[in-house]
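Everything numeric in this text was worked out from a predicted model, so none of it was measured.
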Amino acid sequence: MPLHTILAAAGAGIAAGPWLRGLAFAHTVEYQAPLRRRCPHCGHHAVPVALAGLAAVAPPDGRCPTCARPIGPQAGVVELLAAVTLVVLAAYAPSGWVLAAWSWAALLGVALALVDTAVYRLPDTLTSAAAGGAVTLLAVAAVATGDQSALLRALLCAVGLSAFYLILVLLPGAGMSRGDAHLALVIGASLGWISVPAVVTATVAAVLLAAAYVLAMILIGQLRVRDAVPYGPFMLMGALTAVVVAGNST
């Protein structure tokens, strides 16, 4: 991708920061609990939420407009994470429309990772929006490029990877949730556009990254063997790893 596209990707990541922090703030609740809108310190409305939780905007400075105390993920950190992620994707995306699909999935992925880390769940609203948006943009990419086989492969990989995770959900002690299977739809579709090996690489990388994290945390006494660990962030990091590996192998 040309330099101006990479710079635009970085700018988009930074601009999306308040939205992503708003999503993380609103959805960091227990299963079926109402979305958060009020400041946990003063109780005043701090984050507007609409469209069933898909639209939410945190204060740009990360502070409650009423009491000025910090709320939600730290401002600046999320913007940097989103910008770096989009820059990496822009460096390896095969076309502009594929980059659009990957970027949409990645931005919602950042919000999902924040929520999963905080409350160990991947909200259906966000995973469904990520999957629907990514598939729609990939369909446009197929029309624009004439590569119908890539779209078919993406859809098959999405279904296959999601089915794989659904099987894991049913296995006792696997530690997987239905949300992981929904996130797998997004990852399978996004990476399936490249190739089946890219999907396999993402899956293996997620397992290795999660295992390394758990082992390190156990060794330093921050985790016990049976403690819950959010798997969504590792699935997303594995997907980003697969993009880089696939890009460097071509």
Side-chain angles (χ1 to χ4, degrees), residues 7-89 103-130 133 177 179-180 183 186 209-210 213-214 216-217 220-224 227-237 240:
L7 293 176
I14 294 171
W19 173 50
L20 300 180
R21 288 188 284 108
L23 292 179
F25 178 85
H27 288 274
T28 299
V29 294
E30 297 301 322
Y31 179 61
Q32 293 187 330
L35 298 178
R36 291 200 299 173
R37 294 173 171 83
R38 296 181 179 273
C39 171
H41 307 294
C42 68
H44 285 81
H45 280 281
V47 175
V49 179
L51 298 178
L54 185 57
V57 182
D61 62 356
R63 294 182 176 274
C64 171
T66 303
C67 69
R69 297 181 69 177
I71 59 170
Q74 185 175 349
V77 174
V78 175
E79 282 82 349
L80 178 61
L81 176 60
V84 170
T85 301
L86 294 195
V87 165
V88 172
L89 294 177
S103 296
W104 173 254
L107 288 175
L108 284 171
V110 169
L112 284 163
L114 293 170
V115 175
D116 199 15
T117 300
V119 290
Y120 303 101
R121 57 182 293 264
L122 296 164
D124 290 345
T125 299
L126 302 187
T127 54
S128 297
S177 69
D180 295 321
L183 181 57
V186 184
L209 289 168
Y213 170 80
V214 170
M217 290 297 103
I220 65 175
Q222 297 299 308
L223 275 179
R224 294 171 297 181
D227 284 346
V229 174
Y231 194 63
F234 298 106
M235 293 175 66
L236 293 162
M237 287 189 287
L240 193 61

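- Here the straight-line distance linking atom OG1 of Thr125 with atom CG of Leu51 works out to 10.5 Å at 0.5 Å rounding.
- Among all heavy-atom pairs drawn from Ala9 and Val87, the shortest one is CB-N, 4.3 Å.
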Please walk me through it: do Val29 and Val119 pass side-chain contact (heavy atoms from CB on, under 4.5 Å)? CA-CA 7 Å; Val29 294; Val119 290; over 6 Å; no

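- For the pair His41 (side chain) and Ile71 (backbone), a donor-acceptor distance under 3.5 Å is absent.
- With contacts defined as side-chain heavy-atom distances shorter than 4.5 Å, the pair Leu223/Tyr213 qualifies.
- The list of salt bridge (charged side-chain N to carboxylate O under 4.0 Å, His left out) pairs with a residue in residues 32-60, not counting sequence neighbours, is empty.
- Between Cys42 and Cys64, the closest side-chain pair of non-hydrogen atoms falls below 4.5 Å.
- Relative ring orientation between Trp19 and Trp104 is described as parallel, the plane-to-plane angle staying below 30° on a 0-90° scale split at 30° and 60°.
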Please output the side-chain donor-acceptor pairs of residues 75-84 that fall under 3.5 Å, not counting sequence neighbours, one pair per line with the distance.
unit_1: Glu79; atom_1: OE1; unit_2: Gly76; atom_2: N; d: 2.8
unit_1: Glu79; atom_1: OE2; unit_2: Arg21; atom_2: NE; d: 3.1
unit_1: Glu79; atom_1: OE2; unit_2: Arg21; atom_2: NH2; d: 3.1

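- Note that SG of Cys39 is 7.5 Å distant from CZ of Arg69, once rounded to the nearest 0.5 Å.
- Contact record, Pro73 with Phe25: CD-N, 4.5 Å, taken as the closest heavy-atom pair.
- When all heavy atoms of Leu86 and Gly13 are compared, the pair lying nearest together is CD1-N, 3.6 Å.
- When all heavy atoms of Gly53 and Leu35 are compared, the closest pair comes out as CA-CD1, 3.4 Å.
- Partners of Asp61 under the salt bridge (charged side-chain N to carboxylate O under 4.0 Å, His left out) rule, at least two apart in sequence or in another chain, do not exist in this structure.
- With Asp116 contributing its side chain and Gly232 its backbone, the two residues share a donor-acceptor pair below 3.5 Å.
- Distance CG/Leu126 to CG/Leu112: 5.0 Å, rounded to 0.5 Å.
- Nearest heavy atom pair, residue Ala130 against residue Val186, reads CB-CG2, 3.8 Å.
- Proximity of a side-chain donor or acceptor of Arg121 to a complementary backbone N or O of Thr28 within less than 3.5 Å is not detected.
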Would you please test Leu23 and Leu108 for side-chain contact (heavy atoms from CB on, under 4.5 Å) and show each step? CA-CA 9 Å; Leu23 292 179; Leu108 284 171; 3.8 Å; yes

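- Checking side-chain atoms of His27 against main-chain N and O of Pro123 turns up no donor-acceptor pair under 3.5 Å.
- Atoms CG and CD, from Asp227 and Gln222 in turn, are 10.5 Å apart once rounded to the nearest 0.5 Å.
- Contact between Val57 and Val47 at its shortest, heavy atoms only, is O-CG1, 3.5 Å.
- Residue Tyr231 holds its OH atom at 8.0 Å from CG of Asp180, rounded to the nearest 0.5 Å.
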List the steps and the verdict of side-chain contact (heavy atoms from CB on, under 4.5 Å) for Val115 and Tyr120. CA-CA 7 Å; Val115 175; Tyr120 303 101; over 6 Å; no

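- Note that CG of Leu240 and CG of Leu209 are 10.5 Å apart. Values are rounded to the nearest 0.5 Å.
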